[in-house]
Each structure stands twice: as C-alpha cells, then as structure tokens.
Amino acid sequence: MSKTVIHTHASTEAGILANAYLVETENGVIAVDGTLIRSEARALRAKIDALHKPLLAVLVTHAHPDHTAGITELVQSDSSIPVIALPSIDRVMRATEEAKHAQWAPIFQDEWIRQWTFPNRFVQNLEEVELDGIHFQVHDIGPGGDCDANSVWVMTSENSKAAFVGDLVFSGTHCYLADGSIRAWLLNIDNAEQYLDNVSEIYAGHGPAGGHELLAKQRDYLLTYCANVKELAQGNSQLSEEAKQELVTRMDRYLPNASLQFMISLSSDAVAAELALAGDFLSHSQK
Ligand SMILES: [Zn+2]
C-alpha cells in the first residue's frame, strides 16, 4: 500500500468555506468533492495540474452543490474519469438541480456552474474502491441534516487512516440546518463515533480537520441550536423576526466569531418545524 498526502482546498467565504480534498498518491490524485463556485473549482483544478499527476477519480460525499457543482471544472468533460458516489446522491443531485439553479444562479451569476457533472460510477454501502493502491470504503449514512443523501469515505493508506465526512461535521463554523432532519443528523453522529473509532483524522465538509472531538462538538452545536430554537419558538413552527435576532445573538455567543453566521437565521424555521412535530428527541440524544 502506498503513501498519501492529503491536500485541503478550503474555499473562501464566497464559496461558503466548502472544503474539497486532493489525496495525492504515488501515481495520481483523487479528489474528494469539488467545491461550489467556478473560481474555487478552477483553483482546485490548478492545484491538481501543479502536482503533475493525473486525476484518477472524484469521490463524492453528499449531494449539495457546495460540494458537487465544481466537479464539472475538475473533470473538464473527460468522461473516463470516474465520479464515484452512492446512487442516492446521484438521485438527490438530479432531483434538486433545477431548484438549486433557480435559487443560486441569480446570486452567484458568472460564478454559478450551470452544467453539473453527475456521478458515473456507483457504489453501495461499505463497498471498497481501490485507487493506486489506496483503499476507500464508503459508508452510506442516508439522510440527515444538511442533505438527504450522505456518505462518509474512510481512506486507508500506509501512513494514515482518515475519514472524509462531508457535512456530517461543520468544524468551527455555523451550520446549514435549513433542510431539517436534525434528529437523523444526531443519530448519524452517534453511529459515526462507532465506525470511525479507529480513524485518526476527520476531514470536515467545512472548517479545519481534527480528531474525534469534532463529532462531539457537532452534536453539542446541534443540541444547543435546537434547545434555543425550541425555547424561542414556543411550540410554533416558525420564529418571529425578533426571535431570529435573539437566536443569532445566542449562537454567536456560543460560537464567538465563527463564520457562516448567515446560516443561523436561514435554518431556524426548518428546525422549529421539526421540533414542533417531534421535539422530544432532544432529551434522548444527549450523551
Ligand atoms: Zn457543505
């Protein structure tokens, strides 16, 4: 088994701080995710070119555009490069593509990538892919929080055992919770603590990499956010403007100076709606 170097591409705020990773092996490069906007994806492609090794594959963690839109710039119409994902990720990408274009193209304008590249090779839960002697195993974690289709890739090489967890973890930033499913997200964290037990490094979808503590921190963030929304929503499925402001103040106090602050109020109604339906999961998830 050969050695690897993991290069992190951390997007700017304009690219929602989305991370993409390049796993450099002896004879090639494997990308994990592809960033959101055109300039970030081109910068990532330039990093691959600078390594003077071929792009062997793109592994996809989940279906959101801040991790998948830029794949088009990475593979540059070369359909022989495998873009590897769960079938569920492909389905969610296709089902949401039109709505995401409508929502974000006017905001990002020329930076928005209108032509998406979909996965062309599919894997099932726990399937292993070998690329230049490095093993990548996929864990299908299903829906949960950030996205309706998520996976975690565990990489085993000579010198490291690492996990690319996508948006299961936002490391040190505020989180996108606008798609609801917080309960499923919490369960996904509980499970990850088991199967990532022997993994030393965790590479997050946003924010810096770290160790196992990232999972516990993510759980604590979600529970704190939910507890505050629950109190401020008072059983309603939406927050008033005033309550949203108060939520922003509280979460800012909880995670001072953290980026992606706009996500605090963006997500509040989806979470209030979930809590109004079944808020009792909060007490069960507390470890
Ligand atoms: Zn993301």
Side-chain angles (χ1 to χ4, degrees), residues 8-22 31-41 43-44 58-74 83 85-86 88-90 92-93 95-97 99-101 103-104 107-108 111-113 116-117 119 139 141-153 163-182 184-186 188-189 192 202-210 214-215 217-219 221-222 225 251 255 258-267 270-271:
T8 301
H9 179 88
S11 296
T12 58
E13 286 256 4
I16 328 185
L17 304 179
N19 289 328
Y21 298 98
L22 299 177
V32 182
D33 291 339
T35 75
L36 171 70
I37 55 178
R38 197 177 303 280
S39 57
E40 295 289 355
L44 181 60
V58 181
L59 308 180
V60 183
T61 61
H62 66 293
H64 268 182
D66 53 327
H67 303 266
T68 57
I71 293 170
T72 296
E73 293 284 342
L74 297 191
V83 177
L86 300 169
S88 58
I89 289 174
D90 182 64
V92 172
M93 279 179 74
T96 56
E97 182 186 12
K100 296 288 182 189
H101 286 328
Q103 184 183 4
W104 297 112
I107 293 166
F108 286 105
E111 280 280 36
W112 183 256
I113 298 166
W116 286 7
T117 300
H139 292 256
I141 63 173
D146 178 75
C147 183
D148 282 341
N150 300 284
S151 62
V152 166
W153 285 94
F164 300 96
V165 300
D167 286 359
L168 180 68
V169 171
F170 284 70
S171 171
T173 72
H174 292 285
C175 305
Y176 181 89
L177 304 111
D179 287 355
S181 306
I182 308 306
W185 193 342
L186 288 163
N188 282 342
I189 293 169
I202 292 181
Y203 290 87
H206 301 255
L214 293 188
L215 295 168
K217 280 185 182 169
Q218 183 65 60
R219 177 191 292 111
Y221 182 94
L222 295 177
Y225 187 96
M251 292 310 294
L255 212 59
S259 42
L260 304 183
Q261 208 200 38
F262 70 96
M263 288 184 176
I264 302 172
S265 56
L266 179 79
S267 305
V271 174

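One-based numbering, in listed order, for ligands and for the atoms of each. Along the sequence shown, residues are numbered consecutively beginning with 1. Hydrogens, waters and symmetry mates play no part in the numbers below; they use all other heavy atoms, side chains included.
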Enquirer: Angle at the Zn ion (ligand 1), OD2 of Asp167 to OD2 of Asp66, rounded to 10 degrees, please.
Expert: 150°
Enquirer: If the cut-off is 2.8 Å, does any N/O/S atom of His206 fall short of it from the Zn ion (ligand 1)?
Expert: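 Under 2.8 Å: His206 contacts the Zn ion (ligand 1) through an N, O or S atom.
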Enquirer: How about NZ on Lys100, more than 12 heavy atoms from neighbouring residues, nucleotides or ligands closer than 6.0 Å, or not?
Expert: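 More than 12 within 6.0 Å, yes.
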Enquirer: Can any side-chain N or O of Ser11 pair as donor or acceptor with the backbone N or O of Ile16 at less than 3.5 Å?
Expert: no
Enquirer: Counting backbone and side-chain atoms alike, is an N, O or S atom of His64 positioned under 2.8 Å from the Zn ion (ligand 1)?
Expert: no
Enquirer: Would a distance-only check, ignoring hydrogens and angles, find a side-chain to backbone donor-acceptor pair under 3.5 Å from Ser171 to Ala209?
Expert: no
Enquirer: Return the OG1 to NE2 distance between Thr61 and His139, rounded to the nearest 0.5 Å.
Expert: 14.0 Å
